[in-house]
Amino acid sequence: MPRAARLEQVDDGIWIVDGPIVSFYGFPYPTRSVIVRLPDGTLWVWSPIPLDDELMAEVSGLGPVAHLVSPNKLHHLGLEEWRVAFPAAKLWGLPSTVRKCRDLRFDGVLDDMPPLAWLGTIEHVQFRGSPLLEEMIFFHRPSRTVLLADLSEALSHDFLARHWAPWQRLIARLWSITEAAPKAPLEVRWSTIRRSVARAAIHRLLAYDPEKVIMAHGVWQRSHGRAFLERTFSWLSPVSPSMSGEVPR
């Protein structure tokens with residue numbers, strides 16, 4: 001009997017796939033990757049999860065993998081095995097990721113301007129302001145979907161009950177990384193000293209008027225993405241720009 005597909009289609013040309021649970025300083029976290037089909041038929045893979053033969057076959061059925069993207073210096077663990085499996089794919093990361101992962105050969109460094117390979121389909125906004133974490137936030141224009149790696153963690157009640165001890169669940173609530181109150185990790189919020197810089201990035205993101213928000217860790221948002229992001233980044237208050245502003249082109 002054939003196995004159920006692991007890829008879940010979010011919208012036309014965009015899929016998610018959930019990965020294994022990983023430990024971060026002793027706390028278990030769910031993981032997720034996103035795959036986008038670009039207009040030329042090639043695939044763009046965000047935050048690659050560990051690859052196995054089953055997933056490799058499913059992904060290959062969508063098209064040739066052309067780009068492997070690390071959104072921040074913590075999301076790099078799957079890059080090497082995807083690069084081996086898809087040697088023609090290009091690796092992309094922020095400067096902090098390139099400095100950290102000297103054993104990987106990056107083909108491109110992400111900066112303020114999206115590469116021509118996905119310009120017009122996938123936009124990005126760089127979140128700066130914390131010395132602990134910089135992250136490239138991506139926006140898939142056709143589906144109006146935002147991708148957040150570690151700037152919003154929304155662990156479900158069920159996940160916490162199954163994988164976190166009672167004292168850990170208390171910490172999750174205090175840190176506001178639950179589905180009920182999904183925000184960036186506490187250390188990121190506390191260390192974001194350049195608030196005006198971070199706030200400007202979120203203003204630009206909200207101006208796209210996103211509908212969906214997919215996070216690497218936790219329950220993702222299928223609708224009302226702009227309102228969700230306003231709540232998520234309320235710690236940068238005031239975060240909501242005027243809706244009269246022009247959507248970035």
Rounded to the nearest 0.5 Å, the OG atom of S70 sits from the CG atom of L91 at a distance of 8.5 Å

To the nearest 0.5 Å, atom CD1 of I35 lies from atom CG of L7 at 5.0 Å

Heavy-atom closest pair (Q9 atom, G13 atom, distance to 0.1 Å) is NE2-N, 3.9 Å

d(E123 CD, F138 CZ) to nearest 0.5 Å is 11.0 Å

**Asked** Counting distance only, does the side-chain N/O of R144 pair as donor-acceptor with the main-chain N or O of D209 below 3.5 Å?
**Response** yes

All heavy atoms of G63 vs all of L43, minimum pair found to be O-CD1, 3.2 Å

Donor-acceptor under 3.5 Å (H75 side chain, P48 main chain):
no

Would a 4.5 Å heavy-atom cut-off, applied to side chains only, mark T97 and M136 as touching? no

L132 reachable from L236 in the ILVMFWY side-chain graph, under 4.5 Å edges
no

- prompt: Is L104 close to E80 at the side-chain level, that is, under 4.5 Å between some pair of heavy atoms?
  reply: yes

*Counting heavy atoms not belonging to R195, are there more than 12 under 6.0 Å from its CZ?*
yes

Exercise. Would you say T42's side chain and P64's backbone share a donor-acceptor pair under 3.5 angstrom?
Worked result: no

**Message:** Do R83 and R105 have side chains that approach each other closer than 4.5 Å (heavy atoms only, starting at C-beta)?
**Reply:** yes

Original post:
Does the side chain of W118 come within less than 4.5 Å of V36's, by heavy atoms?
Top reply: no

message: With heavy-atom distances below 4.5 Å as the criterion, would you say the side chains of P30 and L155 are in contact?
response: yes

F86 vs L51, side-chain contact (heavy atoms from CB on, under 4.5 Å): CA-CA, chis, key distance, verdict
CA-CA 11 Å; F86 303 102; L51 186 64; 4.0 Å; yes

| message | Hydrophobic clusters here meaning ILVMFWY residues chained together by side-chain heavy-atom distances under 4.5 Å, can you tell me if M215 and W235 are in one? | response | yes

More than 12 heavy atoms from other groups under 6.0 Å of CG on L119: yes

>> For the NZ atom on K100, are there more than 12 heavy atoms of other groups (residues, nucleotides or ligands in this structure) within a distance under 6.0 Å?
In response: yes

All heavy atoms of P20 vs all of T31, minimum pair found to be O-OG1, 2.6 Å

Could you go through V188 and D150, starting from their C-alpha distance and side-chain angles, then the distance that decides it, and tell me whether this counts as side-chain contact (heavy atoms from CB on, under 4.5 Å)?
CA-CA 9 Å; V188 174; D150 293 312; over 6 Å; no

*asked:* R6 vs I49, test: side-chain contact (heavy atoms from CB on, under 4.5 Å). Steps then yes/no.
replied: CA-CA 12 Å; R6 290 174 59 185; I49 62 171; 4.2 Å; yes

Review point. Are L160 and V219 linked, directly or through other ILVMFWY residues, by side chains that come within less than 4.5 angstrom of each other?
Key: no

- Task: Say whether T145 and H140, considering side chains only, have a donor N or O and an acceptor N or O under 3.5 Å apart.
- Result: no

| query | Among the clusters formed by ILVMFWY side chains lying less than 4.5 Å apart, do L77 and I21 turn up in the same one? | reply | no

- Just do the side-chain contact (heavy atoms from CB on, under 4.5 Å) check on F233 and R199 with the steps written out, would you? CA-CA 9 Å; F233 290 101; R199 192 180 299 121; over 6 Å; no

Can you hop from L110 to L38 via hydrophobic side chains spaced under 4.5 Å? yes

The reported gap from NE2 in H224 to NZ in K212 (rounded to nearest 0.5 angstrom) is 11.5 Å

Original post:
Does atom CG of D158 have more than 12 heavy-atom neighbours, drawn from other residues, nucleotides or ligands, at distances under 6.0 Å?
Top reply: yes

So CZ of F127 and CG of L205: to nearest 0.5 Å the spacing works out to 10.5 Å

Closest non-hydrogen contact found for P50 with W82 is C-NE1, 4.4 Å

In the structure I gave you, are the side-chain heavy atoms of T121 and P39 within less than 4.5 Å of one another anywhere?
yes

Judged by atom type as modelled, is there a donor-acceptor pair below 3.5 Å linking the side chain of S234 to the main-chain atoms of R231? yes

In this structure, NE2 of H217 is separated from CZ of R32 (nearest 0.5 Å) by 9.5 Å

*Pair H163-F159, ring pair (Phe, Tyr, Trp, His ring centres under 6.0 Å): steps then yes or no*: CA-CA 6 Å; H163 299 288; F159 179 87; 4.6 Å; yes

Measure the acute angle between the ring planes of W167 and F27, then classify it against the limits of 30° and 60° as parallel, tilted or perpendicular. perpendicular

Q.
In the structure I gave you, are the side-chain heavy atoms of V125 and Y208 within less than 4.5 Å of one another anywhere?
A. yes

Tested for side-chain hydrogen bond (donor to acceptor under 3.5 Å, both in side chains) against H67, the lone hit among W46, W44, W92 is W92

From the list L151, L148, I137, side chain to side chain contact (heavy atoms under 4.5 Å, CB included) with L229 holds only for L148

Which pairs would a plain distance check flag for residues 173-187, meaning a side-chain donor or acceptor within less than 3.5 Å of a matching protein atom at least two apart in sequence or in another chain?
from: T178; atom 1: OG1; to: A180; atom 2: N; distance (Å): 3.4
from: T178; atom 1: OG1; to: A181; atom 2: N; distance (Å): 3.3

(request) Indicate yes or no: at least one non-hydrogen side-chain atom of P142 is less than 4.5 angstrom from one of D11. (result) no

